[in-house]
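Here is how names work: the chains are called A, B, and so on, in the same order as the sequence lines, proteins then strands, and each is numbered from 1. These numbers come from a predicted model, not from an experiment.
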Amino acid sequence: MAQPEASATITVFTQGHGMRYWLMKAEPEELGIADLAALPTQTVGWCGVRNYQARNFMRDQMQQGDRALFYHSGVKEPGVAGIVEVCSSPYPDPTQFDPKSHYYDPKSKPEAPRWQQVDVRYIKRTRYLPLSAMRAEPDLEGMLLLVRGNRLSITPVEPAHWRAVMRLLGEAP
DNA sequence: GCCAACGTTGGC
DNA sequence: GCCAACGTTGGC
């Protein structure tokens, strides 16, 4: 069966040296920035992505060394909580084969894995930047996270938007 | 808890 | 290949 391709084209913005910026959503009930920081290796496999467009970003676009905004979703006040770094190549998400997993996909077979993941590494916890504050920031206009109707759990971030977020976080660009 | 938005499924 | 029904996401 052919896998659907992304219905809309989203440009992935690269800098001169090829590093890309991302935003990755996590539900802190499952994995928050504090949990990530407390893990022995401070790395985690970004499992559970079950959207083809988000999967394709990991599979086709992400590179080791890319930075990502770590975003808390599904909470009273969603927002950016930290920064992580992509630290692996894409590889099959093991939870798709685990019948006990919430992310189990009975249609995916080990010989033809449907879902991929990357590992990410904790870089730092930042000042909390709520979604509401991001919406109020003119420099973030057009950021995919803020575009009406967008539900992607992984989105590319334009360098200009990344710089604006770093400024709002009080972080060096 | 609501519901808009949107992705997936499956009958035809 | 169309598209209605259904399920999920995720902010509010």
Next item on the list: State plainly whether one hydrophobic cluster holds both A:M166 and A:L146, where clusters connect Ile, Leu, Val, Met, Phe, Trp and Tyr through side-chain heavy atoms under 4.5 angstrom apart.
Entry: yes

Item checked: Atom CD of A:Q42: over 12 foreign heavy atoms under 6.0 Å -> yes

Check: Parallel, tilted or perpendicular: which fits the ring planes of A:F70 and A:W46, with parallel below 30° and perpendicular above 60°?
Finding: perpendicular

Are there any protein N/O atoms within less than 3.5 Å of an N/O atom in nucleotides 9-12 of chain C, and if so, which ones and at what distance?
{"from": "C:dG10", "atom 1": "OP1", "to": "A:K25", "atom 2": "NZ", "distance (Å)": "3.3"}
{"from": "C:dG10", "atom 1": "OP1", "to": "A:R151", "atom 2": "O", "distance (Å)": "2.6"}
{"from": "C:dG11", "atom 1": "OP1", "to": "A:Y71", "atom 2": "OH", "distance (Å)": "3.1"}
{"from": "C:dG11", "atom 1": "OP2", "to": "A:G74", "atom 2": "N", "distance (Å)": "3.3"}
{"from": "C:dC12", "atom 1": "OP1", "to": "A:R135", "atom 2": "NE", "distance (Å)": "3.3"}

Check: Can you tell me if A:H72 uses its side chain to pair, donor with acceptor, with the backbone of A:I33 under 3.5 Å?
Finding: yes

Next item on the list: Specify the separation, in whole Å, of atom OH of A:Y52 and atom P of C:dT8.
Entry: 15 Å

Margin query: Measure CG/A:N51 against C1'/B:dC6 and give the value in whole Å, please.
Written below: 10 Å

Margin query: Do the side chains of A:D93 and A:R50 get close enough for a salt bridge, i.e. N-O under 4.0 angstrom?
Written below: yes

